[in-house]
Amino acid sequence: METTYNPQSIEQKWYQSWEERGYFAPGTNPDAANYCIMIPPPNVTGTLHMGHAFQDTIMDALIRYHRMQGDNTLWQAGTDHAGIATQMVVERQLAADGKSRHDLGRDAFIEKVWDWKQQSGGSITQQLRRMGGSLDWEHERFTMDEGLSDAVHKVFIHLYDEGLIYRGKRLVNWDPILHTALSDLEVISEEESGHLWHFSYPLTDGSGQLVVATTRPETMLGDSAVAVHPDDERYQDMIGKTITLPLVGREIPIIADDYVDMEFGTGCVKITPAHDFNDYEMGKRHDLPMYNILTVDACINDQAPEKYRGKDRYEARDMIVHDLKELGLLADVKDHKLMVPRGDRSGSVVEPYLTDQWYVKIAPLAQPAIDAVKNGDIKFVPENWDKTYFEWMNNIQDWCISRQIWWGHRIPAWYDNDGNIYVADNEAEARKKYQLDDSLQLTQDEDVLDTWFSSALWPFSTLGWPEKTGRLQQFYPTSVLVTGFDIIFFWVARMIMFGLKFMDQVPFKEIYIHGLVRDADGQKMSKSKGNVLDPIDIIDGIDLESLVAKRTSGLMQPQMAAKIEKATRKQFPDGIPALGTDALRFTFASQATSGRDVVLSPDRIAGNRNFCNKIWNATRYVLMNTEDQDTGIDNADCSYSLADRWIRSRLQRVIADVHRHFNAYRFDLAAQELYAFVWDDYCDWYLELCKPVLMKDHFTAEQKRGARQTLVQVLESILRLNHPLMPFITEELWQRVAPLAGIENETIMLQAYPEADETLIDAAAEEELEWLKQFVMGVRRIRSESDIAPGKALPVILQNASDDDRQRYQNNEAFIFSLAKLQSVDFISNSDNAPESSTALVGEMKVLIPLAGLIDKDAEMARLNKEISKLQSNLEKTSSKLDNPGFVDKAPEAVVNKERERAAEMASALSNLKQQLEKIAAL
RNA sequence: GGGUGGUUAGCUCAGCUGGUAGAGCGUCGCCCUUACAAGGCGAAUGUCGGGGGUUCGACUCCCUCACCACCCACCA
C-alpha cells in the first residue's frame, strides 16, 4: 500500500466496478422494507454545481445507509428538459451565427435542441457518478421521453375534462424578450430607483383637474379611468364626472374604489386595466374597457396615438413625459424606489399583458395538499418549513401553465376555425372523442407546458405511471424528498398536489430541506461574482491559471474579470489541490446541520482529506500487524485486554449514535462522531495501546490474538460505518481488511450496516480506561510543561493508591509504561516521605515524578499555582451553590449529591496540591 | 408591510427535554517516537448580541430591543 492516501488512484475504478456489477439496482426482497428517493432532476444540459454536489451527497448517504441495511433501495435517476433554460442556450448558439429560432422553424429548431441534449446531456450524469452517487442508471428517465410525455398528456386531459384546467384571457406576466408568459414564481421583483411622475388630468367639463401619480407614464395611453377613495372628501363632487385623457383624447370616468389609499400621493390613481394587476382587478369590478397598448416586444402598438406607435416602452415613456410637460400637465417628478419585476431567465422587465393562456385551477388541488402536511402524512425536516409551505398554499393563485416557447410538451389541445377547443392525446383521438367530422379542420395549440408541469409528476411518472408497473407498486409513495427551500413552491407543493390527485397518496413521507452552499466568506456562489467552485475541481484539483480562466470566461459583465482574477489569485495562490470525492462528501455531511446554509472552505475539505489519510494509515498499520498472522478469527482462544474491551464497548455506543443521527437527518453529528471515534479513540488511544501487546514478548499468544482480532474487527466496522459518507476509500480499504476479519464478499456496498451489540458495552472497562487516560495524561502534562524531552523515560512514584488503583495499575502496567514512557514505578504509602516531585492527581492517587535533575522548581510552582487557582474558583462556585438553601431544598437530590461529590473531590485535590506547593516552595 | 432563520473561542459551526460551555480549522510550545509531519504530545482562548423576566439554577424557556440573512406582498 502507498504510504499516503491518493484519492485519484481509487475513486474512478471503484465506481466503474460498482456500476458494471449492477449494485445500484434496487433489491426485490419481498420481506425487506422499500426505500426510495427521487433525484430532483437536474437540467439535462446543465453541469454539476456545489448545490447539486451537496444535495447528492445527502441523498447518496441515505441511499447507501438504507441499502446496507438490506432495504430494497432505489435512487431514481433522471434529468429535466428545463424548457426555457435549455431553449435559451440553443437560441444563444443560433444567435452566434446570426440566426433566430424563427429562421429555422419549429421542427428544425426542436431537432437542434435534441442534438444539443444528445451532445451535452451526459455531462451532468457523468459528474454525478464522480460524486459517487449510486443511482439506478438502468432506469434513468428524462421528462420528455415517451413514457413521461404520456403521463403529461394523461394528466392534462384528465384535469381538463374535470374542469381543473381551463383556457382564458387574463393578465399574465409577459417576458418581452422571450415572448412567453411566466408563472408568478418565475418573476423576481427587486427594488430599483425610479421616479414618481405627477400628471394633471383635466376634467372634461373644464371645471378643473385631477393630479395622478405614476411610476409608469407610458401606460397612461391605456388608461380607462381615474380612481379615488369613496370616502375622500376632496373628490366627492368629482366622482361620476369624466376627464379627457391628455395625448389620447379619450373621455374616461372618475370612479370610487376603496382600494385607493387616500394617504398616498394625491389620492388619485390612474387605472390601466390591461397593464397592471391591481388595475385589472379594479377594471373587472367596474366593468372598464381594457386597452392593450403594447406589442409582444413591449413596444407601443396601434391602439395608441400614431406618434408613439412602434416605440419601445421606455422611449415612449420619455416622449410622453416630454409631451405632457409641453402641455403644462407635468405637475411634479419625484425620486422613487419601486419594485421592478424581472423574468428569472431573461432578466428583462416583465409586463403585465393580456393574453390567452392555460391555467390550472389550483384551489381544489391545494386543499388536500395542505391537509397532508397538517395531518402529518408529510413531514418537513426541519419542521419549521411547514410554515412557509402553508403560507404559500393558503394564498395560492391559479397556475399559468402555457408557455409560448417550442421546447417542451406541446399542449394536447386542438382548435377548429371557430375557436372551439378539443383536448385529447392526439388529433385522431380528439376527433374520436368529440365525434368530429373528418372535414373539420383542426390545428394544434402552439404552446408548450411549463417545465414544472412534468416535474410535478416526477415521483410517479418515473416509476411507470400511468402503467401499473411493479416499480410503481413497490416504491410509491417514496421515502423522502431531499431538496432546497428555493423550489418548495415550484416543485414540492405541485408534486404533493398532483401525487394526491392521481395516486391518492402523498408522493413522499418526508421532505428534507437543506441549506444553500456558500463560499468561504459566506457569499452566495454565482458566476457573476466569480466565486463559484466546481465540485470536480475540488475532487481532481485545478491549477491557478485554469481556475482563473474558468472563472473569468463567459461573464455577463466582462468588466468584472479583472476583479475576479485578483480575488482568485489571492485566495488560491497555488490553485486547489486534488482533495478527492470522499473528503468533499464528508465535509458536506459534517456541515449539513439542520436547515443552515453551508459555508464551504477548501481548508475544511483539506482537513477531511487528512481524515481520509488517517484512516488510510491506520489501515496500513493494522494490515502490517495482522496480514499473515493469527487474528484468531476462527479461534475462540483469544484474551481481550482492557483496551480491547474498551474499544469494542465504545464502538457499540458509536454505532447506536450513528443510527440515531442518520434517522434524524443529522449528518453533521454522525460525521462528527465518526471522526472523533476514528481519530481520538481508535487511532490515538487504541492503536497506541495495542503496540506493547503486539511487540512485547511477555504477552501471550492469546493476548496478541485478542489484540489483532480487535484491531481488524473494529476497523472493519469503522469502514462500514463510514461507507455512506465516504464510499470510495472505505471500499478500497475494506477489500483488504474484510478477509482478515473473516468476511468474504465482493463489495462493502452490499454489506450489512453495523448494528450495536449491547452485550459488548462494558462500563467497567470504560471507567478503567478513563483512569488509565488520566494517569497517562497527567504524566504527559508534567513532561510537556516541565520541558522534559519526549523520549526520556521517567521514574514515577505512586502515593496514596487505593486497592482499586493498585489493581488497575497491575492490570495495565504495560500500557502505562508504554504510553507515559516510564522508567520505573514505585508505590509509597501516604505516611511515607515522598521526595520533592512534580505531581499529577488521578482521583485520590498522587502520581509523583521526582524533581532531581529533571524539573525546574519555578516552573513546577507556576504549574501548581495555575491548577490551584483553577480548582479554587471552581470549588467556590460549587460551594456557593451548596450554601444556597434554595438549591439544596429544591434541586433534585441526584443533582445535589453530584454537586457535593464534586465539591469533595475538588477540596481533596486542592489540599493535595497545596501541600505539594508548600513542599516545593520550601526547597 | 408580513413572515422565517440567525447572533456561542480568531474563523466555520455543534450544544437534545434548563444542572460545571464543545468540535474542526487556525494560533502557541516541544517532537521526524518503528501507521500517518496530510503526523504526535501538550497549551491558550469565550460577561454564549443587549436589556428585562420565570427559576434554587438560563447558552438552553418567556418578553423586548438591536443587527445580519432570506422568503412573501398589488401601494399608484
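Quick note on labels: first sequence line is chain A, next is B, and so on, each numbered from 1.
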Using a 4.0 Å heavy-atom cut-off, does [X] contact any base of the nucleic acid, only the sugar-phosphate backbone, or nothing at all?
X      : value
A/E688 : base
A/F277 : nothing
A/W197 : nothing
A/C683 : base
A/D684 : sugar-phosphate
A/R666 : sugar-phosphate
A/Y5   : base
A/R596 : sugar-phosphate
A/N874 : nothing
A/R780 : sugar-phosphate
A/T4   : base
A/L669 : sugar-phosphate
A/D889 : nothing
A/T388 : nothing

Before accepting this row, confirm whether a basic side-chain N of the pair A/E673/A/R660 lies closer than 4.0 Å to the acidic partner's carboxylate O. no
So, is [X] near the phosphate of [N], with a side-chain N or O under 4.0 Å from OP1 or OP2?
X      : N     : answer
A/K614 : B/G40 : yes
A/W679 : B/G40 : yes
A/N610 : B/G39 : yes
A/H198 : B/A76 : no
A/Y280 : B/A76 : no
A/K877 : B/G57 : no
A/T593 : B/A14 : yes

Can you tell me how far [atom1] in [N] sits from the matching atom in [M], rounded to whole Å?
N     : M     : atom1 : result
B/C16 : B/A69 : P     : 27 Å
B/U8  : B/A14 : P     : 10 Å
B/G15 : B/G26 : P     : 23 Å
B/C28 : B/G51 : C1'   : 38 Å
B/A43 : B/U4  : P     : 45 Å
B/U54 : B/U64 : C1'   : 15 Å
B/U45 : B/G10 : C1'   : 9 Å
B/G40 : B/A35 : C1'   : 12 Å

Just name whichever nucleotide pairs with [N], Watson-Crick or G-U, keeping both distances under 3.5 Å, else none.
N     : result
B/C48 : none
B/G24 : B/C11
B/G39 : B/C31
B/C59 : none
B/U17 : none
B/C67 : B/G6

RNA chain B: 5'-proximal contact among A/Y675 and A/K691 (nearest heavy atom):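 Result of the comparison: A/Y675.
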Map A/T214 and A/T3 onto RNA chain B by nearest heavy atom, then report which one ends up closer to the 5' terminus. A/T3
Tell me: [atom1] of [X] to [atom2] of [N], nearest whole Å?
X      : N     : atom1 : atom2 : value
A/Q872 : B/U20 : CD    : C1'   : 17 Å
A/D657 : B/C16 : CG    : C1'   : 12 Å
A/F485 : B/G3  : CZ    : C1'   : 14 Å
A/N278 : B/C74 : CG    : C1'   : 3 Å
A/D386 : B/G3  : CG    : P     : 16 Å
A/L623 : B/U34 : CG    : P     : 19 Å
A/M339 : B/C74 : CE    : P     : 9 Å
A/R863 : B/A44 : CZ    : P     : 12 Å

Among [options], the one nearest [X] by side-chain distance:
X      : options             : result
A/V599 : B/A44, B/C13, B/G42 : B/C13
A/V260 : B/A44, B/A76, B/A38 : B/A76
A/Y259 : B/A14, B/A76, B/G42 : B/A76
A/N384 : B/G5, B/A69, B/A76  : B/G5

Could you tell me the separation between the [atom1] atom of [X] and the [atom2] atom of [Y], rounded to the nearest 0.5 Å?
X      : Y      : atom1 : atom2 : answer
A/E899 : A/K877 : CD    : NZ    : 10.5 Å
A/M525 : A/L533 : CE    : CG    : 4.5 Å
A/I816 : A/L689 : CD1   : CG    : 10.0 Å
A/W197 : A/I320 : CH2   : CD1   : 11.0 Å
A/E186 : A/C400 : CD    : SG    : 8.5 Å

Begin from the C-alpha positions of A/W174 and A/Y353 and carry the test ring pair (Phe, Tyr, Trp, His ring centres under 6.0 Å) through to its verdict. CA-CA 6 Å; A/W174 183 262; A/Y353 196 59; 5.3 Å; yes
Starting from the C-alpha separation in whole Å, work towards a yes-or-no answer on side-chain contact (heavy atoms from CB on, under 4.5 Å) for A/R604 and A/L600. CA-CA 7 Å; A/R604 211 171 161 121; A/L600 193 70; over 6 Å; no
Is it the case that atom NZ in A/K870 sees more than 12 heavy atoms from other parts of the structure closer than 6.0 Å?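 Result for NZ/A/K870: open.
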From the list A/D257, A/D279, A/D258, salt bridge (charged side-chain N to carboxylate O under 4.0 Å, His left out) partner of A/R285 resolves to A/D257
